[in-house]
Amino acid sequence: MKFNKLHAWNVDYKKAIQIQQTLRDLLIIKKSSGKIDTIAGADVSYDKQSDYFFAGVIVFTLNKYLEQIEEATAIGKARFPYIPGLLSFREAPILLKAFRKLKNEPDIILFDGQGIAHPRHLGLASHMGLILDKPTIGCAKSRLVGEYSPVENAVGSYTKLLYKNEVVGAALRTKINTKPVFISPGHKTNLAFAIRIVMASCYRYRIPEPIRQAHLLVNKLRKESHLQK
DNA sequence: GCGACAG
DNA sequence: ATCTTGTCGC
């Protein structure tokens with residue numbers, strides 16, 4: 001699929017933050033009217049030795065069950081360090097390399113990270129949503145910013161994630177007796193719809209299936225390509 | 001200055 | 001994120 005080059009990636013810490021502050025005004029946190037027939041999950045795996053990392057995207061139909069219709073991967077080198085709040089400057093380039101190979105454009109995409117639950121409202125999911133111009137959802141395994149109350153131990157229960165007097169996401173229980181996941185709208189969706197989509201793509205695991213499958217895919221890719229070097 | 005801090 | 005086997009619990 002094609003996408004917009006909104007800015008350069010070879011930037012420093014200060015410029016990266018400037019870019020985030022500019023892009024946040026372009027976000028649309030409303031449910032888009034388009035139909036949601038397909039959903040995608042994306043993830044990145046790292047090689048501890050080298051600076052190589054591996055990205056993957058998998059597209060599924062969104063019905064009673066998920067049916068995989070396409071997958072794409074990419075391998076590259078990390079060119080930006082991991083800095084909390086600047087994750088997209090590290091992972092977006094390699095993720096885009098994988099998205100670029102996709103023939104089927106998913107109607108909504110799940111990312112392993114935050115959406116607007118971010119210091120400048122521009123987590124990985126929001127940043128990717130703007131570039132791809134698609135509805136996106138952030139689904140993180142831990143919190144970056146915001147406060148929340150304990151979540152009832154029942155599937156589907158959630159409490160709001162508040163940051164600077166604003167609801168930026170939710171701590172959502174996708175599985176009993178496991179820690180909640182942190183959901184936040186990325187782009188072209190609101191929190192309520194984001195939660196609905198995540199619950200609809202979650203089965204017997206804590207992590208929604210599209211992301212879980214993408215995670216398995218990139219880990220397999222890393223281990224296989226590691227044997228050849 | 002101290003503590004927090006997606007992957 | 002990554003390094004890693006068994007093991008406790010639903």
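In what follows, chains are A, B, ... by sequence order, proteins preceding strands, each numbered from 1.
- Considering Phe53(A), Tyr52(A), Phe54(A) as possible partners of Tyr46(A), the one that fulfils the side chain to side chain contact (heavy atoms under 4.5 Å, CB included) test is Phe53(A).
- Separating the CG atom of Leu122(A) from the P atom of dG7(B) is a distance of 17 Å, rounded to the nearest angstrom.
- In this structure, Arg143(A) reaches the dC5(B) phosphate: one of its side-chain N or O atoms is under 4.0 Å from OP1 or OP2.
- One can place OH of Tyr163(A) at 12 Å from P of dC5(B), the figure rounded to the nearest angstrom.
- Using a 4.0 Å cut-off between charged side-chain N and carboxylate O, Asp51(A) and Arg79(A) make no salt bridge.
- If you measure from atom CZ of Arg120(A) to atom C1' of dA6(B), you get 12 Å, rounded to the nearest angstrom.
- The side-chain hydrogen bond (donor to acceptor under 3.5 Å, both in side chains) test with His121(A) singles out one residue from Gln20(A), Gln114(A), Glu166(A), and that residue is Glu166(A).
- Across all strands shown, Ile94(A) has no heavy atoms under 4.0 Å from either base or sugar-phosphate atoms.
- Phe89(A) places its CZ atom 17 Å from the P atom of dA6(B), with the value rounded to the nearest Å.
- Within a 6.0 Å radius of CZ in Arg206(A), more than 12 heavy atoms belonging to other residues, nucleotides or ligands are found.
- Close to dG7(B), at under 4.0 Å from its OP1 or OP2, lies no side-chain N or O of Tyr46(A).
- Taking atom CG on Leu95(A) and atom P on dA6(B), their separation rounds to 17 Å, with Å as the unit.
- Close approach of DNA chain C to chain A, defined as any atom under 4.0 Å from a non-hydrogen atom of the protein, starts and stops at dA1(C) to dC10(C).
- Each of Asn177(A) and His215(A) was assigned the nucleotide of DNA chain C with the nearest heavy atom; the assignment lying further toward the 5' end belongs to His215(A).
- The CD1-P distance, from Ile211(A) to dA6(B), rounds to 16 Å in whole Å.
- If you check every strand for non-hydrogen atoms under 4.0 Å, Gly85(A) touches a base.
- Regarding Lys48(A), its NZ atom lies at a distance of 18 Å from the P atom of dG7(B), rounded to whole Å.
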Check step by step if ring-ring contact (aromatic ring centres under 6.0 Å, His included) holds for Phe89(A) and His7(A).
CA-CA 11 Å; Phe89(A) 284 87; His7(A) 58 79; 5.8 Å; yes
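- More than 12 non-hydrogen atoms from other residues, nucleotides or ligands lie less than 6.0 angstrom from NZ of Lys101(A).
- Between Phe182(A) atom CZ and dA6(B) atom C1' the separation is 11 Å, expressed in whole Å.
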Report the C-alpha distance between Val155(A) and Met199(A) in whole Å, list the side-chain angles of each, state the deciding distance to 0.1 Å, and finish with yes or no for side-chain contact (heavy atoms from CB on, under 4.5 Å).
CA-CA 9 Å; Val155(A) 175; Met199(A) 289 311 298; 3.4 Å; yes
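- Nearest-nucleotide assignment on DNA chain C puts the 5′-proximal partner with Asp112(A), out of Ile176(A) and Asp112(A).
- Counting non-hydrogen atoms under 4.0 angstrom, Asp51(A) reaches nothing in the nucleic acid.
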